[in-house]
Every structure is written in C-alpha cells, then in structure tokens.
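One structure below.
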Amino acid sequence: MRSSAQSNMGAAPRLAADQATAAQPAAPAIEIDRVTKTFADRAGSGITVLDDISLAIAQNAFVSLVGRSGCGKTTLLNILAGLEAPTSGAVRIAGRPVKGPGQGQGVVFQQHALFPWLTALENVKFGCRKRPISRAEKEDVARDLLALVGLQDAAAKYPREMSGGMQQRVAIARALALDPDILLMDEPFGALDELTRIELQDELLRIWQVRRKTVVFVTHSISEALVLSDRIVLLAPHPGRIARDVTVDPPRPRVRSDPRFATLYDEIWRGLSQ
Amino acid sequence: MKPGRTSDILLGLAGVAIVVAGWELLVRGGAVDPKLFPSPTMAFAEAAERLSAATVAQHTLWSLYRIVVGFLLGAVAGTVIGIAAGWYRGIGLVLRPIIELLRPIPPLAWIPLAIIWFGLGEPSKFFIIFLGAFFPVVTAAYVGITSVDPVLIRAAQTFGLRGPGLLLRVGLPAAAPDLLTGIRIGWGLAFGILVAAELIAADRGLGFMIMNERNTTGSVAVIVVGITLIGILNLITDWAIAAASQRYIGRWHGR
Amino acid sequence: MRRRLIDILFASVVIGALLAAWELGVAYGYLKVYQFPPASRIAKGFVDLTTVGFPTGITVWSHTATTIGRILQGYAGALVLAIPLGFVIGSSRVLDKMTAPLIVFGRSIATLSLLPLAIVWFGTGELTKIVLIGYGCFWVMLSNVIAGVKYVDPVLLKAGRAYGASGIELARTVVLPAALPRIFAGARMALGVGFMVIVGAEMIGTVEGLGALIMEARTFYRSEITIVGMLIIGVLGFAISTGLMWLERALVPWGDPLAGVRR
Ligand SMILES: Nc1ncnc2c1ncn2[C@@H]1O[C@H](COP(=O)(O)OP(=O)(O)O)[C@@H](O)[C@H]1O
Ligand SMILES: [Mg+2]
C-alpha cells in the first residue's frame with residue numbers, strides 16, 4: 001500500500017478519504033470511543049476537560065482539531081499518544097487498545113522538544129532507538145529523514161544553533177524515525193513566523209503524500225487547517241466536546257486562494273463562535 | 001563598537017601591575033614594616049630561603065590529595081542522592097527534610113563531630129571536605145532534575161523510553177548544566193574548607209604550613225607566599241573545572 | 001491538599017522511625033552514646049545549655065549573641081566598603097577591566113588562610129575575627145555590586161536618557177533600582193560566607209561563640225552539646241537567610257529573589 005502511494009507521487013493527487021473508502025473497508029486507523037477526561041482540582045471535585053468524545057479517523061486521513069485555547073486539544077492528543085489515560089472510554093489504534101506510548105504513534109510537540117544535548121542527526125537517531133534494525137541502518141534512516149526535511153547539511157548542528165523552522169523540521173524527522181502509522185501534531189507550527197509556517201505546511205503535505213501516514217493535527221489557525229486537512233473537527237470548550245465535523249473537499253494540490261475556502265472558513269468560524 | 005579582548009587583558013595586567021608595584025614601593029619606601037608585611041620580592045626571596053621546593057610540593061600534594069578524595073566522594077554522593085530525591089517521589093519526601101535541616105550548618109561546624117567519629121587522621125578531613133562538596137552538589141542535582149522540561153520527558157516516552165533508561169538518557173543530561181554549576185560551587189567551597197580544616201587540625205598540607213609558620217613565630221614571608229599559593233591553586237583548579245564543563249555543555253547549552 | 005497531608009505524614013513516619021531506631025540502637029549498645037548521642041540526650045543537652053551553660057556560666061544565648069555580634073560587625077564593614085566601591089568600578093569600563101583579575105584573585109584566596117597573617121597583624125582577639133569575616137563578605141559583595149551595576153539592561157538606560165535623566169539622576173532612578181536585586185543577592189551570599197568564616201575563626205583561641213562552643217564541648221566529650229551547637233548554627237543560618245529574603249521581597253518587589261544566585 002505504501003509503495004502504491006509512493007508511485008502516485010506527482011500524479012493527480014488522491015484524497016486519503018477516497019482511498020480509504022475505495023481501496024478496502026479497512027478498520028479506522030484511530031477509534032476514539034466515548035472518551036472522558038477529568039483532572040483532579042483543588043476542591044477535590046475534579047474538572048471535566050473532555051466529555052464523551054467519539055471519533056473514527058480513517059487510514060491515511062489528514063484530520064485537524066480546531067478549538068479555542070483550553071478546550072482540551074492537547075489533552076486529547078496526549079490520550080491518543082498514550083501519554084495520559086482517559087478517565088473513561090477507550091482509544092484503539094488499528095484495532096488495538098492504546099495502553100501507553102510507543103504503539104505506532106509519533107508525536108510532534110508545539111515547542112520542538114528536541115533534546116538540546118543531541119545534534120540534529122542524534123535527535124533523529126533517538127527516534128529509531130527501539131526499532132529492530134542495526135546501528136548502521138539507523139544511521140542511514142536518520143540521514144534519509146534529515147534529507148527528506150531538507151536538512152542534510154545541518155546534521156551536526158545542535159538545536160540551539162538552528163532556527164525555529166529548522167528545529168521543527170528535525171522534530172518531524174525524529175517523529176518519522178519511529179516509523180509510526182500515525183502522526184500526532186500539537187500546534188507544531190504555532191510558534192513560527194507566517195512565511196516559515198507556509199513553507200512547513202507545504203513540506204508536511206509533501207511528506208504526508210510520500211510516506212502515507214494518518215495525521216491528527218491540532219491548530220488554532222483556520223486557514224492552516226483548511227489548506228492541510230481532509231476533515232476538520234471543531235471542539236467546543238467547557239467541557240471539551242465535538243461541536244462540528246467538517247469535510248474539506250477541494251482537491252489537492254490546493255491553492256491557498258481557492259474561493260471555496262472562503263465559504264468553509266465562514267462555516268468553521270461560525271462553528272467556533274457558537 | 002565591541003571592545004577588543006586584547007585591550008581588556010592589557011587593562012587587567014595594568015591593574016595587577018599597579019597594585020604589585022604600589023605594594024613594593026610602599027614597603028621599600030618605609031611606609032610599611034617589612035617584618036609585618038614584606039614586599040612581593042622580599043617575600044619570595046625570603047620564602048625561597050626558608051622553604052625548599054620539595055617541602056612546598058609535599059604540602060601541596062597532601063592538600064590536593066585530601067581535596068580530590070573528599071570532593072569526589074561528595075560530588076558523587078551529592079549527584080546520586082540529589083537525582084534520586086528529585087526523580088523518585090518517595091525518596092524525595094524522606095531525604096529533603098533531612099537535607100534541608102543539615103544544609104544551613106556550615107561544613108566547618110562538623111569538625112568536632114568529624115573528630116569524634118573518625119579521629120584526627122585523614123578520614124575526618126575527607127569527611128569535612130566531602131560535606132563542603134556534597135551540599136552544593138546535592139542541591140544543584142535536585143534542582144536540575146526537578147526542573148527538567150516535562151515536554152522532553154514526554155517526547156522520550158513517545159519513543160518507548162521509561163524507567164532507568166529515561167532517567168539516564170534524558171533526566172541526567174537535562175540536569176547536567178545545573179549539576180555542573182553545583183559542582184563548580186562545591187569545588188570552591190571544598191577548597192576553602194580544606195584550608196580551614198588544615199589550619200585547625202592537621203600536621204601537613206598547605207593550611208598547616210602557614211599556620212605552623214605563625215605558631216613557631218617564623219616568617220611572615222612564608223605565610224604571605226603560602227596564602228598566595230593557595231589562592232593561585234584555587235584559581236587554576238576552578239578555571240580548569242569551568243573549562244572542562246564548558247567543553248561538555250558549552251555547545252548545546254551555551255554559557 | 002489531601003495528597004500533601006499524606007506526603008507529610010509519610011515523611012514524618014519514616015523520619016520518626018529512623019530517630020526511634022537510633023534511640024534503640026544506643027539503648028541496646030549497638031551505637032556508642034558518645035559518638036551518636038540520640039535525640040533524647042541532645043534534648044537534655046539543650047536544656048543544660050540554656051540553664052547551666054557550657055562552659056558553666058555561659059549559656060547558649062550568650063554564645064549566640066557573641067557570634068551574631070561578630071558577624072554583624074564584619075558584615076557591616078564589608079557592605080560599607082563594597083557598595084560604594086562597587087558602584088564606582090561597575091560604572092567605569094576601564095576600572096572594571098583593570099580590577100577584574102584582582103577581584104577574581106581576592107575571591108580565590110581562601111578567607112581562613114588569612115588567619116595566620118591576621119593573627120600576626122591584629123593578635124588573637126576580636127579584631128582578627130571581624131576582619132576575616134569582613135574579608136570574606138567583601139569580595140562576594142563587591143563582585144555582585146559590580147555585576148549589578150554593569151549589567152543594567154541597556155534598553156533601560158536608553159529609556160532613562162530618552163526621558164532626560166543623566167548623571168546622578170540616572171544612577172538614582174535607573175541604575176540603582178535595576179541593580180538592587182543583584183545587590184541583595186550578593187548581600188545574602190555574603191552573609192552565608194560570613195557565617196562559614198566565623199565558625200572556623202571561632203574554633204581557634206577563644207571560648208566564646210558558637211564555633212568555640214562546639215569545639216570545646218568535644219574536648220570535654222560532650223558530643224550532645226556539640227550537636228546542639230551545630231543545630232543552633234544551622235537554625236541561625238536559616239533564619240538569617242530567610243529574613244533577608246523577606247526583607248528583599250519587601251524592599252525590591254520588582255526583583256526575582258533567585259536571580260543572580262549563580263556566581
Ligand atoms: N495535568 C492537568 N491537571 C489539571 N488540569 C489540566 C491538566 N492538563 C490540562 N488541564 C486543563 O485542561 C484544560 C484543557 O487543556 P489543554 O488540553 O492543554 O487545552 P488546549 O490544548 O486545547 O489549549 C485546561 O483548562 C487546562 O487547564
Ligand atoms: Mg494545547
């Protein structure tokens with residue numbers, strides 16, 4: 001399946017959603033089943049951050065989560081990553097319940113979260129430390145991934161010697177080094193300037209098309225979500241719940257000025273303002 | 001705009017030259033009694049006469065031996081305990097109050113107890129110097145490990161790291177800059193303590209050398225040279241530690 | 001909230017158990033009383049010290065007062081010298097560069113290594129102790145005042161000048177407030193140094209003061225009195241540094257109390 005997607009590169013782009021429905025009636029890549037999350041607070045009663053969230057995400061889909069600050073996007077992503085356990089409900093990845101991190105979820109955090117004491121190459125190699133391949137192969141994989149994000153020349157640089165955009169590229173390469181089936185991204189471009197942001201969005205789409213991953217992408221930016229996603233899930237706050245589920249159908253490659261985005265933009269904005 | 005480094009060094013040298021020359025002139029001119037405070041040239045000439053190089057080297061080696069042993073013990077124990085108290089909640093709960101209780105006690109105040117426990121020999125000196133290194137290091141290690149950016153821990157967890165592996169591969173390097181600062185402070189403190197311990201209860205070492213000179217009403221020149229020597233030794237070793245830690249963390253952590 | 005209570009309970013139980021084991025260890029003869037006086041004996045030592053005193057007649061309070069008096073004299077002397085000097089050096093680039101190596105060297109000299117020299121100059125009396133404390137405090141204070149003045153954010157200086165302040169006025173309205181947090185940090189560190197020096201200085205040639213108390217008690221095999229003395233030194237050190245932190249927060253509410261603690 002991966003190879004067919006790769007051979008597809010450059011040809012007319014296909015929607016991941018199309019592929020999922022057309023190719024096989026496969027199990028969803030991610031199933032979120034009635035997930036609720038409550039944090040203990042000082043009063044002892046607890047605050048509910050996520051309330052009864054259910055969502056199925058198809059294989060190779062690019063899904064964005066959009067919502068106001070504090071509505072639980074990071075919490076939901078952490079639950080998908082296995083970094084936090086839901087208070088009730090369950091998450092399944094490829095049919096297997098999530099018990100912890102390392103079940104094929106790669107994560108890219110908002111602040112690059114690179115290890116400052118490792119070079120770009122070493123950071124990426126860290127990503128494949130648990131993979132059953134030889135040391136030399138790890139080195140090759142890491143170098144290939146750095147090349148994929150356009151940083152083959154920065155292999156020996158430390159994070160503090162790189163710009164924000166480069167850091168985030170390394171973080172993406174590191175997450176890919178895990179060879180994950182799904183990529184969880186928490187406002188990965190939120191701290192970047194507008195121009196770098198656009199550059200990285202294009203880069204991410206290219207990588208997504210080459211590597212065929214299921215992507216769950218958290219963002220504040222409606223236009224970013226529109227350019228990237230097949231589907232945008234709007235979260236409403238207090239407690240976090242799904243407000244709308246919007247399909248984005250303009251074909252790829254997309255043009256940022258596509259007039260169809262304007263109506264979608266309004267629809268999403270209204271969905272968020274309710 | 002940016003001032004050159006050469007001019008900085010020249011200014012520094014000028015400052016030192018002015019002080020040394022002024023001191024020399026004051027003594028030579030008769031403003032200061034050379035028996036109480038000899039000029040630099042007099043002090044070195046007289047000290048060279050009274051002390052053989054071998055004697056000075058022997059005292060120096062004794063001092064270095066004590067500080068290296070005591071410091072290594074203190075730094076290792078401080079690192080292990082500080083990291084354990086910061087990483088494992090239960091250990092921290094018990095050890096922190098004990099450390100906080102003992103920390104404000106200056107290491108020199110342990111001298112009597114050290115003598116009670118270990119006698120007058122080397123172990124009691126090791127112990128005092130150990131304490132001097134231990135408290136700054138344990139504090140720095142604790143602070144370092146408890147202030148590791150949680151997102152780094154989470155990132156490592158997504159790559160399947162946990163338990164001791166997580167501590168060694170992520171916790172420890174992340175705490176290293178704080179730890180190294182603590183180690184440097186600990187060395188400085190241990191150094192001051194070494195001299196004091198040798199003044200108060202020892203029969204060799206640089207601290208003993210100068211105190212003995214005064215007790216046998218010997219020459220102030222020897223005392224002045226001894227103090228200078230101890231200062232220079234402190235300066236050089238501190239610089240070496242700073243340079244070594246800069247070599248390790250400098251590129252990724254900055255200054 | 002509940003969690004905190006459980007934590008405190010857990011810590012107290014473990015520490016209580018350790019103390020009890022120590023007590024029992026002594027009672028059953030596994031530990032020598034002289035080497036490891038248990039908590040009960042230390043408590044008795046404290047009572048002795050407050051009533052009878054050690055040496056007889058000198059209570060723990062008068063030892064403490066002696067020590068505090070010595071520290072304060074040396075400390076005050078150091079501050080009075082170091083603060084104006086630091087301002088002068090810190091505001092002149094040339095002076096700063098000229099004095100930098102001297103100050104580094106002055107700080108590197110182990111304060112107590114000056115003891116023999118100080119005895120030659122000032123005898124074995126009070127003055128020697130006060131001078132030593134003053135020496136130790138002086139360099140710490142001086143380098144912090146210089147750093148505080150030198151590293152005032154240039155943007156603040158520019159802003160001050162833009163509003164027409166210059167000379168003494170600029171120093172008073174911008175440099176001083178900006179440097180104060182660092183100066184306070186230095187004052188706190190200096191007091192710690194003074195504390196350390198006094199204990200060492202009092203161990204030689206005197207029977208008064210906390211340093212002398214713990215040393216004397218040992219020669220009379222009263223290890224529990226040594227320990228009481230150490231604990232009082234610790235409490236005193238803690239109280240002084242906490243007090244200074246409060247004072248700092250009250251006087252310099254815009255500063256970060258932990259800023260500049262690194263040297
Ligand atoms: N560990 C935690 N303990 C208590 N409350 C938390 C915790 N993590 C997040 N929260 C709360 O949950 C809510 C959602 O947080 P988050 O998922 O980070 O939101 P978002 O990423 O959408 O901005 C916020 O109100 C936050 O304060
Ligand atoms: Mg968030």
Side-chain angles (χ1 to χ4, degrees), chain A residues 74-75 77-84 98-120 122-132 138 156-162 167 170-172 174-180 182-188, chain B residues 79 82-83 86-90 93 137 140-184 241-255:
Chain A
T74 297
T75 307
L77 217 65
N78 282 338
I79 291 174
L80 299 186
L83 291 167
E84 260 169 63
V98 170
K99 297 238 176 59
Q103 285 179 224
Q105 315 101 305
V107 185
V108 178
F109 300 87
Q110 173 168 10
Q111 299 304 341
H112 58 81
L114 295 176
F115 302 113
W117 55 90
L118 300 180
T119 61
E122 289 164 345
N123 262 293
V124 179
K125 271 202 276 187
F126 194 102
C128 44
R129 52 190 309 280
K130 287 274 157 116
R131 278 170 65 180
K138 284 179 187 169
K157 279 192 162 47
Y158 286 92
R160 68 181 282 268
E161 300 168 333
M162 297 187 270
Q167 290 167 342
V170 177
I172 292 171
R174 183 179 67 173
L176 291 173
L178 199 60
D179 195 20
I182 60 180
L183 203 50
L184 306 171
M185 308 181 83
D186 190 0
E187 300 184 35
Chain B
T79 304
I83 298 276
W87 192 258
Y88 301 104
R89 246 175 67 83
L93 282 175
V137 173
Y142 180 81
V143 169
I145 198 82
T146 47
S147 52
V148 175
D149 187 349
V151 80
L152 289 185
I153 306 268
R154 302 205 138 177
Q157 283 171 339
T158 66
F159 299 111
L161 222 64
R162 38 196 170 83
L166 188 61
L167 174 58
L168 290 179
R169 299 281 307 263
V170 179
L172 215 49
D178 280 329
L179 184 60
L180 287 172
T181 307
I183 283 180
R184 191 167 163 206
I241 289 178
S245 75
Q246 199 58 29
R247 246 183 89 106
Y248 169 51
I249 62 166
R251 225 187 123 196
W252 61 264
H253 183 254
R255 278 171 187 281

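Every chain is numbered from 1, with letters handed out A, B, ... down the list of sequences.
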Notebook entry, point to check: Mind checking what makes side-chain contact (heavy atoms from CB on, under 4.5 Å) contact with B:Thr146, not counting sequence neighbours?
Noted result: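 If we apply the side-chain contact (heavy atoms from CB on, under 4.5 Å) test to B:Thr146, skipping adjacent residues, the hits are B:Tyr142.
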Next item on the list: Using the test side-chain contact (heavy atoms from CB on, under 4.5 Å), find all partners of A:Leu118 that sit at least two apart in sequence or belong to another chain.
Entry: A:Phe115, A:Glu122, A:Asn123, A:Phe126
Notebook entry, point to check: Is there a side-chain contact between B:Phe159 and A:Val107 (heavy atoms, below 4.5 Å)?
Noted result: no
Notebook entry, point to check: So, do B:Arg154 and A:Asn78 sit near enough that their side-chain heavy atoms are less than 4.5 Å apart?
Noted result: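 Touching, per the 4.5 Å side-chain cut-off.
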Against chain B, label [X] side chain, backbone, both or neither, depending on which of its atoms sit under 4.5 Å from a heavy atom there.
X        : value
A:Arg131 : neither
A:Ala175 : backbone
A:Pro159 : neither

Check: Hey, which residues of residues 98-106 of chain A are touching chain B, say heavy atoms under 4.5 Å apart?
Finding: A:Pro101, A:Gly102, A:Gln105
Checklist line | Best-contacting candidate, A:His112, A:Lys130, A:Lys157, A:Glu161, against chain B by heavy atom pairs under 4.5 angstrom | finding: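 With the most close heavy-atom pairs to chain B, the winner is A:Glu161.
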Margin query: I need the minimum non-hydrogen distance between B:Ala155 and A:Ala113, along with the two atoms involved.
Written below: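 Taking B:Ala155 first and A:Ala113 second, the nearest heavy atoms are CB-O, 3.9 Å.
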Next item on the list: Please report the closest heavy-atom contact between B:Thr158 and A:Leu178, naming both atoms and the distance.
Entry: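 Where B:Thr158 meets A:Leu178 most closely, the heavy atoms are O-CD2, 3.4 Å.
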Note to self: Using the salt bridge (charged side-chain N to carboxylate O under 4.0 Å, His left out) criterion, which residues pair with A:Lys138? Sequence neighbours excluded.
What the structure shows: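 Checked A:Lys138 against salt bridge (charged side-chain N to carboxylate O under 4.0 Å, His left out); zero matches.
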Next item on the list: Kindly compute the distance separating CH2 (A:Trp117) from CG (B:Leu172), expressed to the nearest 0.5 Å.
Entry: 9.5 Å
Notebook entry, point to check: For chain A, which of B:Ala174, B:Ala176, B:Gly160, B:Pro173 has the most heavy-atom pairs under 4.5 Å?
Noted result: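 When all of B:Ala174, B:Ala176, B:Gly160, B:Pro173 are compared, B:Pro173 has the most.
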Margin query: Heavy-atom pairs under 4.5 Å with chain A - which of B:Ile249, B:Leu161, B:Asp149 has more of them than the others?
Written below: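 Among the listed options, the one with the most contacts to chain A is B:Leu161.
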Notebook entry, point to check: What part of B:Arg169 gets closer than 4.5 Å to chain A, counting heavy atoms only: side chain, backbone, both or neither?
Noted result: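 Answer is both: backbone and side chain atoms of B:Arg169 are under 4.5 Å from chain A.
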